[in-house]
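A short worksheet on the structure shown next.
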Amino acid sequence: MNEIIRNYETLLADIQKKSAGRTFLLPVSKTFPASDIKILYDYGVRHFAENRLQELDPKSHELPSDIKWHFIGHLQSNKVRKVVPLAYAIHSVDSVSLLDKIDRAAAEFQHHVKCFIEFKPEGEDSKTGAGINLADELFERAEKCSEYCTVCGIMGMAPLGGTAEQNSAAFKKLHDLLDYANTKFKLNMTELSMGMSGDYTEAISQGSTIVRIGSAIFGKRDYQI
Ligand SMILES: *Cc1c(COP(=O)(O)O)cnc(C)c1O
């Protein structure tokens, strides 16, 4: 059996066991060639995640059109109109102005896109994600999205090099924020996109519904973005 498929199968079994079937395994294919994605595609996998338009664009045109692409990287506002038509979901919405631009592009292109608000649970440590102090204004804007832009959940990352306890605490904050948003705002967010190769076990224990996993499936990346 191919190594990528073996890794995927092993992870899938582990994730299904740890989450009682509640958590979705999203392969992160950034930096890996289209040929690696095709191996999993032929095995039946249809969802993949990329973090840069420069990679998403060529891969989405080279690979079969029924792939559902998740954009998980920092999204610059001048790239929104290029990313939205290619994306099934955008996990990295970290400002009101970005959500505004995505909502307007989705309506203009009549292209449905699911959005996740990205928060940094541990303050200034991480490079991306909105501060939790901006949560209310983001959720208020999320309430007003058109039918083409569905804000379905929250995404976040644990601090780099955190212990299992620190990771769990960060993921719990994100889960609490989801509950807060659904109680206080006219939102019905069901998704928590949290957990990567190194911390998915803690993420699942805190209620993750989507784990984004790259290196544990495709192998070590030559360079880190
Ligand atoms: C690269 C990346 C991942 C996957 O990381 P691995 O450690 O390779 O599993 C998940 N989420 C985001 C936002 C990423 O950029």
Side-chain angles (χ1 to χ4, degrees), residues 3-15 18-19 23-34 36-37 39-40 45 47-57 59-60 68-76 79 83 86-95 98 102 113-122 125-131 152-164 166-168 170-171 173-174 191-225:
E3 195 180 330
I4 293 172
I5 294 176
R6 200 170 57 227
N7 292 342
Y8 177 82
E9 269 302 315
T10 306
L11 269 166
L12 193 62
D14 189 43
I15 288 164
K18 285 175 173 155
S19 73
T23 306
F24 183 74
L25 169 55
L26 174 62
V28 176
S29 47
K30 68 182 185 197
T31 79
F32 293 98
D36 283 356
I37 300 173
I39 290 169
L40 280 183
V45 180
H47 292 255
F48 294 94
E50 290 285 338
N51 71 336
R52 299 191 311 156
L53 174 63
Q54 301 96 290
E55 268 191 79
L56 170 62
D57 189 35
K59 284 175 175 172
S60 65
K68 294 177 166 63
W69 294 102
H70 295 243
F71 192 85
I72 60 171
H74 180 64
L75 179 51
Q76 291 164 273
K79 298 197 171 140
V83 167
L86 303 175
Y88 168 81
I90 299 175
H91 292 233
S92 42
V93 182
D94 61 0
S95 73
L98 183 59
I102 293 169
V113 65
K114 294 180 195 294
C115 284
F116 296 70
I117 315 267
E118 181 183 358
F119 288 103
K120 44 181 161 196
E122 294 304 325
D125 277 14
S126 88
K127 292 186 295 259
T128 59
C152 66
I154 285 174
M155 186 271 244
M157 284 181 259
L160 260 180
T163 62
Q166 288 166 332
N167 295 342
S168 291
F171 294 138
K173 270 193 199 171
L174 297 169
E191 305 297 328
L192 279 169
S193 169
M194 51 189 205
M196 308 176 20
S197 295
D199 57 18
Y200 73 86
T201 300
E202 292 99 84
I204 289 171
S205 70
Q206 296 303 326
S208 168
T209 63
I210 302 177
V211 290
R212 309 174 313 273
I213 299 201
S215 47
I217 296 175
F218 293 102
K220 214 164 128 311
R221 281 184 295 275
D222 290 340
Y223 56 102
Q224 187 74 42
I225 298 169

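Both ligands and their constituent atoms are indexed starting at 1 by order of listing. Heavy atoms only: backbone and side chains are in, while hydrogens, waters and symmetry mates are out.
One option in Met196, Arg221, Arg212 has a heavy atom closer to atom 8 (O) of ligand 1 than any other, and that option is Arg221.
Short contacts between ligand 1 and Met157, defined as distances under 4.0 Å to a heavy atom of the residue, involve ligand atoms 13 (C). Residue Ile72 has at least one heavy-atom neighbour below 4.0 Å for each of these atoms of ligand 1: 11 (N), 12 (C), 13 (C), 14 (C). Below 4.0 Å from some heavy atom of Gly214 lie the following atoms of ligand 1, by number and element: 4 (C), 6 (P), 8 (O), 9 (O). The ligand atoms of ligand 1 that sit less than 4.0 angstrom from a heavy atom of Ile213 are 9 (O). Contact atoms of ligand 1 toward Lys30: 1 (C), 2 (C), 3 (C), 14 (C), 15 (O) (distance under 4.0 Å to a heavy atom of the residue).
Ring planes of His47 and His70: tilted class, angle from 30 to 60°. Using a 30° and 60° split on the angle between ring planes, Phe32 and Phe218 fall in the parallel class, below 30°.
Judged as a salt bridge (charged side-chain N to carboxylate O under 4.0 Å, His left out), and not counting sequence neighbours, Glu202 has no contacts. For Ala34, the side-chain contact (heavy atoms from CB on, under 4.5 Å) partners two or more places apart in sequence, or in a different chain, are Glu62, Leu63.
For Lys114, the NZ atom counts as loosely surrounded, since its 6.0 Å shell holds 12 or fewer non-hydrogen atoms of other residues, nucleotides or ligands.
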